[in-house]
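Below you'll find the structure, written out as structure tokens, and then a few comments.
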Amino acid sequence: QVQLVESGGGSVQAGGSLRLSCAGSGRTFGTNAMGWFRQVPGKERVFVAAVNWSGSHTDYADSVKGRFTISRDNAKSTLSLQMNSLTPDDTAVYYCAVHRYSLSSRNPSEYDYWGQGTQVTVSS
């Protein structure tokens, strides 16, 4: 059974940093792109960042570009999101996901596996 487990969420003041991690089990994801999405209550899940299968190509939403860094370790089946200069607008539940194919995408419908989410709260 495929499982993705996020960790590293929490509460932080504006300007602070958090590092999210996502551990995969049940199968290997070394040939799949992976991504991070976030969702606030009452709104759709939105794209944050993605990385291709090898880690050589990354993509970021404009709102996080220059502040967030996505990375992966295929040997450990882990995905990370380093979040710096956080603002209250970054408050959301963050989800990691595994894409259907090797190239990354911003479309959540192309991701087949999802974690349960981790809450990030940024106070002003």
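Given the structure is predicted, the values throughout are model-derived calculations rather than measurements.
Apart from Leu103 itself, the hydrophobic cluster it occupies contains nothing, where clustering links Ile, Leu, Val, Met, Phe, Trp and Tyr at side-chain heavy-atom distances under 4.5 Å.
Taking the side chain as every heavy atom from C-beta outward, Arg106 and Asp59 approach each other to under 4.5 Å. Inter-residue side-chain proximity for Met83 and Asp90 is flagged as unmet; no heavy-atom pair is nearer than 4.5 Å. The shortest distance between side-chain heavy atoms of Trp36 and Glu6 falls below 4.5 Å. Contact annotation: the side chain of Gln119 approaches that of Thr91 to within less than 4.5 Å [non-hydrogen atoms, C-beta and beyond]. Residues Arg38 and Val120 have side chains not in contact (no heavy-atom distance under 4.5 Å, counting atoms from C-beta outward). For the pair Phe47/Asn107, no side-chain contact is recorded, criterion being any heavy-atom separation below 4.5 Å from C-beta on. Within the 4.5 Å cutoff, the side chain of Gln82 has heavy atoms near those of the Ser17 side chain. Counting heavy atoms from C-beta on, the side chains of Asn32 and Asp112 never come closer than 4.5 Å.
Scanning for salt bridge (Lys or Arg N to Asp or Glu O under 4.0 Å) contacts around Asp89 gives an empty result, with sequence neighbours left out. For Arg19, there are no salt bridge (Lys or Arg N to Asp or Glu O under 4.0 Å) partners, not counting sequence neighbours. Looking at residues two or more places apart in sequence or on another chain, you find no ring pair (Phe, Tyr, Trp, His ring centres under 6.0 Å) involving Tyr95. In this view, Arg27 satisfies the salt bridge (Lys or Arg N to Asp or Glu O under 4.0 Å) rule with no residue, not counting sequence neighbours.
Considering all non-hydrogen atoms of both residues, Asn74 and Trp53 come closest at ND2-O, 3.0 Å.
When hydrophobic clusters are built by joining Ile, Leu, Val, Met, Phe, Trp and Tyr residues whose side-chain heavy atoms come closer than 4.5 Å, directly or via intermediates, Phe37 is not grouped with Leu4. If you chain together hydrophobic residues whose side chains sit under 4.5 Å apart, Tyr111 and Val98 never meet in one group. Cluster annotation: Val93 and Met34 are assigned to distinct hydrophobic clusters (Ile/Leu/Val/Met/Phe/Trp/Tyr, side-chain heavy-atom contacts under 4.5 Å, transitive).
Sorted pairs that involve residues 61-90 and meet disulfide (SG to SG under 2.5 Å), not counting sequence neighbours, are lacking altogether.
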